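Residues: numbered from 1 along the sequence shown. Predicted model, so just to flag it, every value in this text is computed and none were measured.
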Amino acid sequence: MDRTYTPGMRKRLMSEHSSRPPERPREIDIASRATVAYSSENPAHPVEHLIDGHYGRGSTHWASARTNATERIVLEFDRPQQISCLVYEVEECRQERTQEVRVEVSSDCGRSYRQVLVQEYTFSPQGAIFQHEELRLELPTITHLSLTIVPNKSGSGVATLTALRLFA
């Protein structure tokens with residue numbers, strides 16, 4: 001079985017207009033409940049890798065197709081979702097750089113967003129190479145969740161995320 005492909009996931013480039021069961025109780029099955037809009041993806045590391053059920057060090061990951069470019073991933077939910085926890089991971093083993101991740105949410109079908117997190121991670125092959133972030137939230141009716149990834153606040157690089165998980 002090819003574990004890098006998630007059947008049934010809907011996705012589209014932002015310029016364009018079979019699901020794995022949840023691993024933990026109350027985990028939201030993103031592939032069946034949302035369209036994933038994205039600004040770029042490296043074909044070897046597609047956006048499906050964010051929700052393929054692989055997480056932790058050395059797992060699959062999404063990567064931008066562009067170097068030193070701010071990227072965006074937006075989950076467009078079919079119906080408003082309650083979100084109590086957001087988990088994401090980032091791994092960088094090759095080069096030193098500082099990546100910023102901003103998380104924003106919308107309750108009005110993407111017309112306006114409210115920022116819920118801005119976090120920077122400094123990676124160094126000789127030191128910190130992996131970050132696991134678990135954010136407790138009280139978001140009762142979210143229609144869109146946006147992640148903005150700035151790969152090079154310090155250094156040079158490609159935007160990456162290893163995993164994305166949401167819980168009701």
Side-chain angles (χ1 to χ4, degrees), residues 1-20 22-23 27-78 81 83 86-106 109-110 113 115-121 123 125 129-133 135 142-166:
M1 180 171 132
D2 180 9
R3 294 181 161 272
T4 62
Y5 174 70
T6 303
M9 182 177 142
R10 293 168 286 146
K11 67 177 192 175
R12 67 174 175 79
L13 277 167
M14 282 189 193
S15 59
E16 302 173 357
H17 268 255
S18 115
S19 302
R20 184 178 295 255
E23 298 285 330
E27 184 168 359
I28 296 170
D29 183 353
I30 295 170
S32 70
R33 294 191 186 181
T35 298
V36 180
Y38 59 99
S39 56
S40 171
E41 71 177 6
N42 178 324
H45 303 287
V47 73
E48 287 93 335
H49 286 182
L50 282 179
I51 61 171
D52 66 2
H54 297 210
Y55 33 87
R57 293 175 186 213
S59 66
T60 59
H61 66 278
W62 161 81
S64 168
R66 305 179 295 182
T67 302
N68 297 329
T70 298
E71 302 292 0
R72 223 169 139 220
I73 296 171
V74 179
L75 304 182
E76 302 168 340
F77 293 106
D78 297 335
Q81 296 291 305
I83 299 174
L86 174 135
V87 177
Y88 69 91
E89 296 175 344
V90 184
E91 184 173 28
E92 173 61 74
C93 303
R94 289 171 275 158
Q95 65 187 59
E96 191 166 314
R97 66 185 177 93
T98 298
Q99 176 168 287
E100 178 184 275
V101 176
R102 290 191 304 264
V103 179
E104 299 173 305
V105 296
S106 174
C109 298
Y113 283 87
Q115 186 170 286
V116 296
L117 174 75
V118 176
Q119 187 71 48
E120 289 184 2
Y121 307 101
F123 298 102
I129 61 167
F130 182 80
Q131 181 66 40
H132 172 94
E133 188 72 36
L135 181 63
I142 300 309
T143 61
H144 290 67
L145 185 137
S146 173
L147 295 110
T148 302
I149 304 99
V150 181
N152 61 341
K153 290 200 62 130
S154 172
S156 177
V158 171
T160 63
L161 290 176
T162 303
L164 175 64
R165 301 172 75 195
L166 299 174

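Here the side chains of Val36 and Leu50 are not in contact, with every heavy-atom distance at 4.5 Å or above. A heavy-atom distance below 4.5 Å is found between the side chains of Met9 and Val47. Looking at heavy atoms from C-beta onward, Val158 lies out of side-chain contact with Asn42 at the 4.5 angstrom threshold. For the pair Leu117 and Tyr88, the minimum side-chain heavy-atom distance is below 4.5 Å. Between His132 and Phe130 there is a side-chain heavy-atom pair separated by less than 4.5 Å.
Residues passing the side-chain contact (heavy atoms from CB on, under 4.5 Å) test with Asp78 are Arg10, sequence neighbours excluded. Looking at residues two or more places apart in sequence or on another chain, you find a side-chain contact (heavy atoms from CB on, under 4.5 Å) between Ala69 and Arg66, Glu71. Glu41 pairs by the salt bridge (Lys or Arg N to Asp or Glu O under 4.0 Å) definition with Lys11, not counting sequence neighbours. Remark: Ala163 engages Tyr55, Glu89 in a side-chain contact (heavy atoms from CB on, under 4.5 Å) (not counting sequence neighbours). Scored by the salt bridge (Lys or Arg N to Asp or Glu O under 4.0 Å) test, Glu120 finds Lys153 as partners (sequence neighbours excluded). By the side-chain contact (heavy atoms from CB on, under 4.5 Å) test, Arg33 pairs with Ile28, Gln81, sequence neighbours left out.
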As a quick check of understanding, evaluate side chain to side chain contact (heavy atoms under 4.5 Å, CB included) for Leu164 and Trp62, giving each step before the final call. CA-CA 10 Å; Leu164 175 64; Trp62 161 81; over 6 Å; no
Could you give me the CA-CA distance, side-chain angles and deciding distance for Leu145 and Phe77, then say whether side chain to side chain contact (heavy atoms under 4.5 Å, CB included) is met? CA-CA 8 Å; Leu145 185 137; Phe77 293 106; 4.3 Å; yes
Verdict with reasoning, Glu91 to Thr160, per side chain to side chain contact (heavy atoms under 4.5 Å, CB included): CA-CA 8 Å; Glu91 184 173 28; Thr160 63; over 6 Å; no
Please test Leu166 against Leu75 for side chain to side chain contact (heavy atoms under 4.5 Å, CB included), starting from the C-alpha separation and ending with a verdict. CA-CA 11 Å; Leu166 299 174; Leu75 304 182; 3.6 Å; yes
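When all heavy atoms of Ser40 and Ser64 are compared, the pair lying nearest together is OG-OG, 3.5 Å. Of all heavy-atom pairs between Thr162 and Gly56, the closest is CG2-O, 3.9 Å. Residue Asn152 comes nearest to Gly157 through the heavy atom pair CB-N, 4.2 Å, listed as atom of the first residue, atom of the second, then distance. Shown here for Pro125 and Ile129, the closest heavy-atom pair between the two residues is CA-CG2, 4.0 Å.
A distance-only check finds a donor-acceptor pair linking the side chain of His49 to the backbone of His61 [under 3.5 Å]. Not one N or O on the side chain of Arg165 forms a donor-acceptor pair closer than 3.5 Å with the backbone of Glu27.
A donor atom on one side chain and an acceptor atom on the other are found under 3.5 Å apart for Glu133 and Tyr121.
Ion pairing between Glu100 and Arg102 holds under the 4.0 Å rule for side-chain N and carboxylate O.
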